[in-house]
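Working notes for the structure below.
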Amino acid sequence: PDTTSLQLYAPKTTYKFTLQGGGPANTGHNPLPGVIIDYYVPHGFTDSSEIKLEIYDLNDKIIKTFSSKKPENFKTWPGGPTPPKPIPAKKGLNRTSWNFAKNDLPGVENVMVLGSYAGSKVAPGEYKIRLSSDTMSLEQKVQVLPDPRIDASPEDYKLQQELLDKLENTFTDIHNSVTRLRKVKGQLNSKLEFIEKEEDYTELKDKGNETLDAIKKWEGQLIQPRQK
């Protein structure tokens, strides 16, 4: 095998089911969940370089992204999103897995969600895996087969995915809208503080405060900003 360049090996066809871990520390471990992805990092690879792993659906849309680097400026809080775990990128053979999940959903800063931000699981089908570095990109395909224990037709999976996509898009739109309006609210507060002592801007200040109240009311209808 070529050991002078980045290598991505063809993954095995994988059934869509997840093994659950757990038990005493001296028991055996289940294999990694989902599609096992093996790749080779050459010895000339520098630690400052990034390796990215992307999963594409049949429409050539990126549905999951992994990186060997920790994300910059990632924020979390109690009940907030979990920081993504970097994939291994040591020199030599590396192994990671994709558990069939799409990208995590966005959070709203300091708002607790009683659940998981993890994206939904994909339907059975063919998916593309792309491994890339600063200088090259490699691709392989993987076939995800349905769990043989589940009696479901391709149409059933199609309808399920349509519903999950609709729910995720709605969740994402709500959270992103709240985040955008919070930025507007911050800018408006700054402007109101700047003209607070100016007597000539009474009407403008009233309008600004009315807008702030409307934003707060709108936010409260979508999420629970004071949830602890």
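As the structure is a prediction and not an experimental result, all values here were calculated from the model.
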### Query
So, do Y157 and I150 sit near enough that their side-chain heavy atoms are less than 4.5 Å apart?
yes

### Message
When you compare the side chain of K205 with that of I195, does any pair of heavy atoms fall below 4.5 Å?
### Response
yes

### Message
Between K128 and E139, does any NZ, NE, NH1 or NH2 come within less than 4.0 Å of an OD or OE carboxylate oxygen?
### Response
yes

### Query
Just by modelled atom types, is the F45 backbone N or O under 3.5 Å from a matching donor or acceptor in the S49 side chain?
no

### Message
Is it the case that the side chain of Q7 and the backbone of L93 share a donor-acceptor pair, with hydrogens and angles ignored and the cut-off at 3.5 Å?
### Response
no

### Task
Verify the distance criterion only: is there a donor paired with an acceptor across the side chains of D156 and S153 at less than 3.5 Å?
yes

### Task
Answer with yes or no after comparing the ring centroid distance for W98 and F66 against a 6.0 Å cut-off, counting only values under it.
no

### Query
Would a 4.5 Å heavy-atom cut-off, applied to side chains only, mark S137 and R130 as touching?
yes

### Task
Inspect the contact between D173 and R180 and indicate whether a charged nitrogen and a carboxylate oxygen are less than 4.0 angstrom apart.
no

### Task
Check the pair L6, I51 against side-chain contact (heavy atoms from CB on, under 4.5 Å), reporting the backbone distance first and the verdict last.
CA-CA 10 Å; L6 192 67; I51 285 182; 3.9 Å; yes

### Query
For the atom pair OH (Y127) and CG (D57), what is the distance rounded to the nearest 0.5 Å?
7.0 Å

### Message
Grouping I, L, V, M, F, W and Y whenever their side-chain heavy atoms are under 4.5 Å apart, do V111 and V184 come out in a common cluster?
### Response
yes

### Query
Would a hydrophobic clustering, with Ile, Leu, Val, Met, Phe, Trp and Tyr connected at side-chain separations under 4.5 Å, put I174 with L181?
yes

### Query
For E54 and Y56, does a side-chain donor sit closer than 3.5 Å to a side-chain acceptor?
yes

### Message
Is there a path of hydrophobic side-chain contacts, each under 4.5 Å between heavy atoms of I/L/V/M/F/W/Y residues, joining L58 to I129?
### Response
no

### Query
How long is the gap from OG1 on T211 to NZ on K216, to the nearest 0.5 Å?
11.5 Å

### Query
Got more than 12 heavy atoms from elsewhere within 6.0 Å of NZ, K90?
yes

### Query
Would you find more than 12 non-hydrogen atoms of other residues, nucleotides or ligands less than 6.0 Å from F74 atom CZ?
yes

### Task
Show your working on side-chain contact (heavy atoms from CB on, under 4.5 Å) between T96 and Y39 and close with a plain yes or no.
CA-CA 9 Å; T96 189; Y39 51 99; 3.8 Å; yes

### Distance (rounded to the nearest 0.5 Å) between L131 CG and I37 CD1
9.0 Å

### Query
Do the side-chain N and O atoms of S133 and E50 include a donor-acceptor pair separated by under 3.5 angstrom?
no

### Message
Could you check whether E219 pairs with R182 (Lys NZ or Arg NE/NH1/NH2 to Asp/Glu carboxylate O, under 4.0 Å)?
### Response
yes

## Note on the structure
In this structure, CG of D134 is separated from CE of M136 (nearest 0.5 Å) by 12.0 Å

### Query
Under 3.5 Å, is there a donor-acceptor pair between the side chain of S97 and the main chain of N99?
no

### Student check: side-chain heavy atoms of P11 and V142 closer than 4.5 Å
yes

### Query
Are E168 and S120 linked by a side-chain donor-acceptor pair shorter than 3.5 Å?
yes

### Query
Same cluster or not: are I87 and L8 linked, directly or through other Ile, Leu, Val, Met, Phe, Trp or Tyr residues, by side-chain heavy atoms under 4.5 angstrom apart?
yes

### Message
Looking at every non-hydrogen atom in both residues, tell me the closest pair between F171 and P106 and how far apart they are.
### Response
CE2-O, 3.4 Å

#### Entry: Shortest non-hydrogen separation from K185 to I215 and the atoms involved
CD-CG2, 4.1 Å

### Query
Would you say K141 has more than 12 foreign heavy atoms packed within less than 6.0 Å of its NZ?
no

### Message
Quick check for you: to the nearest 0.5 Å, what is the distance between I62 atom CD1 and K102 atom NZ?
### Response
14.5 Å

### Message
By the definition side-chain contact (heavy atoms from CB on, under 4.5 Å), identify the one residue from I55, T13, T14 that meets it with V35.
### Response
T14

#### Entry: L114 and M112, any side-chain heavy atoms less than 4.5 Å apart
yes

### Task
Side-chain contact test, heavy atoms from C-beta onward, threshold under 4.5 Å: evaluate it for T65 versus N103 and give yes or no.
yes

### Message
Can you classify the ring geometry of Y40 versus H43 as parallel (below 30°), tilted (30 to 60°) or perpendicular (above 60°)?
### Response
perpendicular

### Task
Would you give the length of the straight line joining atom OG of S116 to atom CG of D104, rounded to the nearest 0.5 angstrom?
7.0 Å

### Message
Applying a strict under-4.5 Å side-chain criterion to I, L, V, M, F, W and Y, I'd like to know whether I63 and F100 cluster together.
### Response
yes

### Task
Kindly say whether K61 contributes a backbone atom to a donor-acceptor pair with the side chain of N59 at under 3.5 angstrom?
no

## Note on the structure
Residues F17 and D147: closest non-hydrogen pair is CB-OD2, 3.4 Å

### Query
Would you say D151 has more than 12 foreign heavy atoms packed within less than 6.0 Å of its CG?
no

#### Entry: Heavy-atom closest contact (H175 atom, V108 atom, distance)
CG-CG2, 3.5 Å

### Task
Kindly indicate whether the side chain of P86, heavy atoms from C-beta on, has any atom under 4.5 Å from the side chain of S67.
no

### Query
Salt bridge between E162 and K158, side-chain N to carboxylate O under 4.0 Å?
yes

### Query
Should D38 and R95 be marked as a salt bridge (Lys or Arg N to Asp or Glu O under 4.0 Å) after you check the CA-CA gap, both sets of side-chain angles, and the distance that decides it?
CA-CA 5 Å; D38 294 314; R95 169 170 285 184; 2.6 Å; yes

### Message
Counting only heavy atoms not in K75 (residues, nucleotides, ligands), do more than 12 fall under 6.0 Å from its NZ?
### Response
no

